[in-house]
Amino acid sequence: MPQTAPSVDVVDVLIIGAGISGIGAAHYLTKEVPTKTFAIIEGRDVPGGTWDLFKYPGIRSDSDLHTFGFAFKPWTDKQSIADANRILDYLHEAIDEDGLGDKIRYHHKVISASWSSQECLWTVEIDRTDTGERIQMKANWLFSGAGYYNYDEGFTPQFEGVERFTGAGSEASGPNGHGAGGQVIHPQHWPEDLDYAGKKVVVIGSGATAVTLLPAMADKAGHITMLQRTPTYIVPLPKHDPVANIGRAVLGDERGYALARAKNIAQQRLLYEACQRFPKASRKVIRAINKKLLPEGFDVDKHFNPPYNPWDQRLCAVPDGDLFRSIREGKASVVTDRIATFTEKGILLESGQELEADIVVTATGLNLQLFGGVGLSVDGEPVEMSKTICYRGFMLSGIPNFALAIGYTNSSWTLKVGLLCEHFCRLLAYMDARGYPAVRPVADPNMDTRPLLDFGAGYVQRSLANLPKQGVEEPWSMSMSYYKDRKSFAMDVADPHLDFTRTKPVAAAASSDALESASA
């Protein structure tokens, strides 16, 4: 007896990822185009993305939550620079308030996505990580809220001699056991039962993760050292924003939040532009702040004076100067040098100094990856991401009905995501009103291009060759200004650079009719 083929779910929009971008996109779809059907698919078993994935001590946002939070949902916690648990609570509230719980399908890992112009649909191959099944879903649009890095593997350089590292602790400490000597850990894969009490810890790196780990581990560890090859600009920010908290008390949650959000957006932009326009003066100001917060006689120029200008790479924020306090109290140290090799007891530096360690944390960065590394194809032709050009920062040339969330590198990530989600919903409404089933950006093949992200961080530079490009002029340039984008995204969605499909193919019409009948 012939078997009946399993039914394939069809939705208008399939959102990839139940992190902050995916949850935000779902909100705007719910409120702005409520007739659209959508689902969120998430490879893990819980929502939250980054904020649930990372488990290392002290994990927090290095942006204030009045700008990192959603425009539509006030941040009401008194902490402005907040830890992961508070952010996760906020995201769970957003899911509940919009009734998104039954829209999220967990344990759904995307394997590939292929576009058919005949159907005007994406067919998405999905592995059910809970049951081992391979299933399909179809969608008129894909929206990638999957972030910008590889969730499966962080970046760790090849360190000479790492295999002989057994730790500086007692003979009872065995190699590579949780809490034992000789353990090398990447923050993306933090063992939740790690016991570092009384241990000598070396954190390799000087970015946001490293400057979070140092003060978070300092009280419990025997001693913790941040080993950096190059210093980073680090500035203190108040953990509690007095303007935000007073504003909420006087004006209420919504108005107080709006006030704090506007103030912090302006503050972020002012700081960025000041650093770009007056790099020497900005460097001096940051150095003076650092010197004031560090112990007398501390070598500020060696350890906190980067060779590049402020905001050529992201500034690291430390709430209430906690990193500097740990250094002043003698619980933490900073060493600026290069690694020659690992030894049995720690790390030998090129200067000849040996740093003894029981645990080494490689806070050495991420591997950039758009759309979770999923392979895309259009009418049977594989898409080479590096040959596409980003349109308005949220679509890619030549790829129909595909949107992705890329936030700011010089401000809060979510600020841009909110703007592009609103524009995305207007685009959907525009197409519905005119009967357009598909659209793709079309770029001039002779257009001058440059890297997608104009940012000097190592994890960005390593991956640029594999990422889409950007043009030198709008709408192909990647703006990093909230004020500029607010005007740009508010413009009419009709654009000569967009190629709209004028008629719905017969197969697509049949699929649409079937979907409407199933919904009824």
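Only heavy atoms go into these numbers, but all of them, side chains included; no hydrogens, no water, no symmetry mates. Owing to the predicted nature of the structure, the values given are computational and were not obtained by experimental measurement.
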- Query: Short question: side chain of H66, backbone of A262 - any donor-acceptor pair under 3.5 Å?
  - Reply: no

- Message: Looking at R86 and D83, is any side-chain nitrogen of the basic one under 4.0 Å from a carboxylate oxygen of the acidic one?
- Response: yes

- Message: With a 4.5 Å cut-off on side-chain heavy atoms, are L370 and S144 touching?
- Response: no

- Query: L396 and V383: side chain to side chain contact (heavy atoms under 4.5 Å, CB included), yes or no, with the steps?
  - Reply: CA-CA 10 Å; L396 299 177; V383 172; over 6 Å; no

- Query: Is the backbone of L420 close enough, under 3.5 Å, to the side chain of Y28 for a donor and an acceptor to pair up by distance?
  - Reply: no

- Would you say P441 and H497 make side-chain contact, with heavy atoms under 4.5 Å? no

- Query: What pair of heavy atoms forms the shortest contact from M447 to G471, and how long is it?
  - Reply: SD-CA, 3.8 Å

- Message: Test your reading of the model: is there a side-chain donor-acceptor pair from H303 to the backbone of P231, 3.5 Å cut-off?
- Response: no

- Message: Quiz question: by atom type and distance under 3.5 Å, do the side chains of S477 and Q470 form a donor-acceptor pair?
- Response: no

- For D77 and Y90, test the side chains for any donor-to-acceptor distance below 3.5 angstrom and give the result as yes or no. no

- Message: Side chains of S412 and Y482 only: does a donor on one sit below 3.5 Å from an acceptor on the other?
- Response: no

- Task: Considering only NZ, NE, NH1 and NH2 on the basic side and carboxylate oxygens on the acidic side, decide whether R314 and D62 come within less than 4.0 Å.
- Result: yes

- Donor-acceptor under 3.5 Å (S488 side chain, K484 main chain): no

- Message: Please determine whether ring pair (Phe, Tyr, Trp, His ring centres under 6.0 Å) holds for the pair H27 and F70, giving the CA-CA distance in whole Å, both sets of side-chain angles, and the decisive distance to 0.1 Å.
- Response: CA-CA 10 Å; H27 167 85; F70 301 120; 7.5 Å; no

- Item | Within the 6.0 Å centroid threshold, strictly below: F394 and H423 | yes

- Message: Within the supplied structure, the quantity of interest is the number of heavy atoms (other residues, nucleotides, ligands) at a distance under 6.0 Å from K109 NZ; does it exceed 12?
- Response: no

- With a cut-off of 6.0 Å (strictly less than), are more than 12 heavy atoms of other residues, nucleotides or ligands near CD of E473? no

- Close aromatic pair by centroid cut-off 6.0 Å: F424 and W141: yes

- Task: Examine distances only and state if a side-chain atom of D241 and a backbone atom of A260 form a donor-acceptor pair shorter than 3.5 Å.
- Result: no

- Query: Do F304 and F324 come close enough that some side-chain heavy atom pair is under 4.5 Å?
  - Reply: yes

- Note on the structure: Closest non-hydrogen atoms of M226 and G205, given as atom of the first, atom of the second and distance, are CG-O, 3.1 Å

- Over all heavy atoms of both residues, which pair between F68 and S63 is shortest? Give the atoms and the distance, please. CB-CB, 4.2 Å

- Query: Any side-chain heavy-atom pair from L415 and R261 closer than 4.5 angstrom?
  - Reply: yes

- T67 backbone acceptor or donor facing D64 side chain under 3.5 Å: yes

- Query: Less than 6.0 Å separating the ring centroids of Y391 and W476?
  - Reply: yes

- Task: Using atom types as modelled and distance alone, determine if a side-chain donor or acceptor of N401 lies under 3.5 Å from a backbone N or O of V439.
- Result: yes

- Query: Taking the six-membered ring for Trp, is the centroid-to-centroid distance between F402 and F371 below 6.0 Å?
  - Reply: yes

- Closest non-hydrogen contact found for A18 with I104 is CB-CG2, 4.1 Å

- Would you indicate whether the side-chain heavy atoms of H92 and P47 approach each other to under 4.5 Å? yes

- Item | N/O donor-acceptor pair under 3.5 Å between S386 side chain and P468 backbone | no

- Query: Is it true that atom CZ of R44 has more than 12 heavy atoms of other residues, nucleotides or ligands lying nearer than 6.0 Å?
  - Reply: yes

- Task: Run the numbers on D98 and K73 for salt bridge (charged side-chain N to carboxylate O under 4.0 Å, His left out), then give the verdict.
- Result: CA-CA 11 Å; D98 280 328; K73 178 172 171 56; over 6 Å; no

- Item | Crowding at CD, E381 (>12 non-hydrogen neighbours, <6.0 Å) | no

- Note on the structure: Heavy-atom nearest pair, E160 first then T341, reads O-OG1, 3.0 Å

- For V378 and G398, which heavy atoms make the closest approach, and how far apart are they? CG2-O, 4.4 Å

- Query: Could you go step by step and tell me if V211 and T232 meet the side chain to side chain contact (heavy atoms under 4.5 Å, CB included) rule?
  - Reply: CA-CA 10 Å; V211 303; T232 298; 5.9 Å; no

- Please lay out, stage by stage, how E125 and Q136 fare under the test side chain to side chain contact (heavy atoms under 4.5 Å, CB included). CA-CA 5 Å; E125 298 283 337; Q136 286 186 348; 2.6 Å; yes

- Query: Where does the angle between the aromatic ring planes of F159 and F342 fall among parallel (under 30°), tilted (30 to 60°) and perpendicular (over 60°)?
  - Reply: tilted

- Could you walk me through whether R128 and I135 pass the side chain to side chain contact (heavy atoms under 4.5 Å, CB included) check? CA-CA 7 Å; R128 286 286 304 268; I135 65 170; 4.2 Å; yes

- Hey, does the side chain of S282 reach the backbone of A274 with a donor-acceptor pair shorter than 3.5 angstrom? yes

- Short question: side chain of S206, backbone of T230 - any donor-acceptor pair under 3.5 Å? yes

